[in-house]
Amino acid sequence: MNYFMGVPEDMIQSGIAELYEDDDDSLAAAIEKYNDYEANCRIDYKKSERIVVRYCIITPILVILLTIINAAYIFGSNNRIIPAVFFYVAWLITFIVFGILKRNLLLSSLFTIPLIYLDWMFLAVVAIDAMIAFLYEKIDKPLRDNPTYPQFRTIDIKYRRGKRSEYHNPMERL
């Protein structure tokens with residue numbers, strides 16, 4: 001039987017723990033610690049979701065603004081139009097696939113680097129994207145180890161009167 005923070009995996013998946021008078025009190029304490037941990041995980045997950053939303057808003061705005069500001073330079077000569085269109089299309093596809101759909105901000109921000117070829121001002125976008133991606137990974141990566149990610153379910157404790165059945169092996173719960 002697998003355990004997470006001293007709580008059996010079947011209790012985590014079902015979200016219910018039935019405890020009897022003869023059960024060990026350490027299991028109830030472990031469930032309380034687990035529920036507190038899950039509450040903190042929900043808060044951190046909401047923070048990481050806000051980071052993703054900000055990333056998905058800030059990055060396109062910066063790319064569009066820098067493109068408008070430097071349009072004469074970026075699209076000024078005929079030999080720069082084709083690479084510029086290619087880089088913008090590649091950036092847009094990777095931004096949608098990795099940034100929005102898969103939430104891999106690090107990979108999405110890496111595909112902002114080729115835009116530096118068009119103008120050095122895109123280096124600021126790369127730096128901002130990298131900072132946001134690093135912050136997102138720092139918050140979200142530890143949460144992915146949780147068995148109930150991204151729901152972060154709590155366990156309801158139901159106390160039963162009497163003793164546990166004699167057919168039950170109490171060592172399974174320890």
Side-chain angles (χ1 to χ4, degrees), residues 1-20 23-66 87-115 122-160 164 168-174:
M1 181 178 304
N2 293 329
Y3 291 88
F4 182 75
M5 294 182 64
V7 179
E9 189 78 28
D10 62 330
M11 285 184 186
I12 293 171
Q13 295 304 325
S14 68
I16 298 171
E18 291 185 358
L19 300 180
Y20 291 84
D23 281 339
D24 188 13
D25 291 336
S26 64
L27 182 59
I31 291 171
E32 291 297 324
K33 277 175 83 174
Y34 173 81
N35 285 341
D36 292 341
Y37 172 74
E38 292 296 301
N40 291 334
C41 286
R42 274 189 234 98
I43 292 168
D44 288 345
Y45 183 73
K46 286 180 184 179
K47 286 179 189 175
S48 69
E49 288 299 305
R50 285 192 296 258
I51 290 171
V52 170
V53 168
R54 289 180 182 137
Y55 175 84
C56 292
I57 291 171
I58 290 172
T59 300
I61 289 174
L62 288 175
V63 169
I64 290 169
L65 282 175
L66 289 177
F87 288 145
Y88 280 119
V89 169
W91 171 80
L92 183 63
I93 289 170
T94 56
F95 177 77
I96 290 171
V97 171
F98 294 110
I100 296 173
L101 299 177
K102 295 192 182 237
R103 298 191 184 248
N104 188 341
L105 302 188
L106 186 60
L107 193 58
S108 176
S109 63
L110 283 177
F111 277 92
T112 310
I113 293 174
L115 295 178
F122 285 105
L123 189 60
V125 177
V126 172
I128 291 170
D129 283 356
M131 182 182 67
I132 292 172
F134 174 75
L135 185 61
Y136 173 74
E137 285 296 317
K138 184 176 180 179
I139 292 173
D140 196 59
K141 190 172 184 173
L143 299 177
R144 292 183 209 142
D145 294 335
N146 193 309
T148 60
Y149 176 85
Q151 292 91 16
F152 305 110
R153 291 182 236 135
T154 57
I155 299 173
D156 294 327
I157 300 175
K158 294 183 180 182
Y159 292 100
R160 302 285 183 195
R164 193 172 284 275
H168 171 69
N169 182 0
M171 294 308 289
E172 287 181 1
R173 294 285 184 206
L174 298 178

Self-check item: Student check: side-chain heavy atoms of Asp140 and Arg103 closer than 4.5 Å
Solution: no
Quiz item: Under 3.5 Å, is there a donor-acceptor pair between the side chain of Arg153 and the main chain of Gln13?
Solution: yes
Quiz item: With a 4.5 Å heavy-atom cut-off, do Leu115 and Val125 have their side chains touching?
Solution: no
Quiz item: Which distance, rounded to the nearest 0.5 Å, do you find between the CG of Leu110 and the CG of Leu106?
Solution: 5.0 Å
Self-check item: Rounded distance [0.5 Å steps], CZ in Phe95 versus OG in Ser109
Solution: 11.0 Å
Quiz item: Within a strict 4.5 Å, meaning less than it, do heavy atoms of the Ile155 and Glu38 side chains meet?
Solution: no
Self-check item: Rounded distance (nearest 0.5 Å) linking atom CD1 of Ile93 with atom OH of Tyr88
Solution: 15.0 Å
Quiz item: Looking at CG of Asp129 and OG1 of Thr112, how far apart are the two atoms once the value is rounded to the nearest 0.5 Å?
Solution: 4.5 Å
Practice problem: Ignoring hydrogens and angles, tell me if any N or O in the side chain of Thr59 forms a donor-acceptor pair with the backbone of Cys56 under 3.5 Å. | Solution: no
Quiz item: Which atom pair, heavy atoms only, marks the closest approach of Thr148 to Ile12?
Solution: CG2-CG2, 3.5 Å
Self-check item: Euclidean distance, Lys102 NZ relative to Leu107 CG, rounded to 0.5 Å
Solution: 9.5 Å
Exercise. Report yes if some heavy atom in the side chain of Thr154 is under 4.5 Å from a heavy atom in the side chain of Tyr34; otherwise report no.
Key: no
Self-check item: 4.5 Å side-chain heavy-atom contact, Ile51 and Ile132
Solution: yes
Self-check item: Among Glu18, Met11, Glu32, the one residue meeting side chain to side chain contact (heavy atoms under 4.5 Å, CB included) with Ile157
Solution: Glu32
Quiz item: Got Phe122 and Val63 here, is their nearest side-chain heavy-atom distance under 4.5 Å?
Solution: yes
Quiz item: Does the separation of the ring centres of Tyr45 and Phe152 fall below 6.0 angstrom?
Solution: yes
Quiz prompt | Heavy atoms from other residues, nucleotides or ligands near OH of Tyr149 exceed 12 (cutoff 6.0 Å) | solution = yes
Self-check item: Minimum-distance pair of heavy atoms, taken over all atoms of Ala28 and Leu19
Solution: CB-CD1, 3.8 Å
Self-check item: Distance in Å, Asp36 CG paired with Cys41 SG, rounded so as to fall on 0.5 Å steps
Solution: 11.0 Å
